[in-house]
Amino acid sequence: TARLEFRNADTGGTRETTTNEAGFYTAPFLSIGRYSVTAKLAGFGTVVREAVDVGLNQTRVADFQLKPAAVAETVRFARSARLPVVTRGNGTGLSGGSVPVEGGFVLCLVHLNRILEVDPANLTLLAESGAITKAIDDAALPHGLFYPPDPGSMKISTIGGNVVTASPIGDLPPALHALGATLVLASPRGRREVALEEFWTGYRTTVLAPGELVVAVRVPAPQPAVA
């Protein structure tokens, strides 16, 4: 639960309350006046609302959107509280959808969007899961390469969504499997790689450890044909 503090701008007096499990709160009895309202939650940034006017019999005086201080801290907090985490990209939902679990977190990864490496000699690219599909293609173009799938959502969909939902073409996972692709998994404990086939046969059961996320897909260089 988040802690909220109400500080009267004229008197300096403070009152505190906390949110319930659903994230709602009821303000303590407050005199009519102007307040500074602060919301805090462990592992998340602090939000302050200045010059909030409180009228007679108000029970909610400000809305808050508490954002994680970092992805790893959010996952660590959810694990300690035994709360489910559902990752989400840009949410186009054309080939599948991110369905939240009641009582858990929806962890948006759109800011985890760096393209870390382009290796034209080995025909590989390493990117974070929130990288936009069009950005992947744009990064390959200067090297005379391109990203083969061309979904209608190319300018907004993310590479993580492409892979996890087998989007935008149904044979993307078999194609990645044929190339010997591996998935890069990250957690507060570090990173590791697993084979794509292991991920698809054991997803949510044997592959992902608690607090672990898929952050990249690594495709090895193609091997030359043997005559």
Side-chain angles (χ1 to χ4, degrees), residues 68 70-75 85-98 106-204 206-209 211-226:
V71 170
E73 290 184 16
T74 304
V75 175
V85 176
V86 176
T87 56
R88 180 180 176 85
N90 263 336
T92 57
L94 298 180
S95 300
S98 173
V106 175
L107 186 60
C108 185
L109 300 176
V110 295
H111 293 301
L112 200 68
N113 59 5
R114 294 177 300 168
I115 296 175
L116 303 173
E117 177 187 352
V118 179
D119 185 352
N122 291 311
L123 302 178
T124 63
L125 182 147
L126 180 64
E128 295 176 334
S129 60
I132 299 296
T133 309
K134 183 67 166 59
I136 298 290
D137 192 49
D138 289 345
L141 285 176
H143 305 282
L145 304 172
F146 70 104
Y147 178 64
D150 185 16
S153 59
M154 195 168 194
K155 294 182 179 179
I156 188 173
S157 63
T158 59
I159 191 66
N162 278 215
V163 174
V164 172
T165 64
S167 168
I169 53 176
D171 60 352
L172 179 57
L176 291 173
H177 169 67
L179 292 171
T182 59
L183 298 181
V184 181
L185 310 180
S187 75
R189 299 176 299 280
R191 293 193 176 204
R192 66 188 180 100
E193 291 190 31
V194 298
L196 191 71
E197 62 204 45
E198 184 182 354
F199 176 80
W200 252 281
T201 57
Y203 183 51
R204 296 183 185 276
T206 61
V207 174
L208 289 180
E212 204 165 39
L213 302 172
V214 179
V215 295
V217 181
R218 189 184 295 275
V219 181
Q223 300 299 314
V226 177

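Note that the coordinates shown come from a computational prediction; the quantities given were computed from them, not determined experimentally.
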Separation between CG (D119) and OG1 (T124), nearest 0.5 Å, reads 4.0 Å

Can you name the salt bridge (charged side-chain N to carboxylate O under 4.0 Å, His left out) partners of D138, sequence neighbours left out? K134

Where do N113 and G130 come nearest, in terms of heavy atoms and distance? CB-O, 3.5 Å

Minimum heavy-atom separation for I159 to E128, with atom names? CG2-O, 3.4 Å

Heavy-atom closest contact (D137 atom, M154 atom, distance): CB-CE, 3.6 Å

Separation of L116 CG from L126 CG (nearest 0.5 Å): 5.0 Å

For S157 and T133, indicate whether the former's side chain and the latter's backbone hold a donor-acceptor pair under 3.5 Å. no

Determine the minimum heavy-atom distance between P120 and L145, stating which atoms define it. CA-CD1, 4.0 Å

So how far is it from L109 CG to R88 CZ, rounded to the nearest 0.5 Å? 11.0 Å

With E193 via salt bridge (charged side-chain N to carboxylate O under 4.0 Å, His left out) - residues at least two apart: R218

Measure across I136 and A131 and return the closest heavy-atom pair with its distance rounded to 0.1 Å. CD1-CB, 3.9 Å

What closest approach, in Å, do G89 and C108 show between heavy atoms, and which atom pair accounts for it? O-SG, 3.9 Å

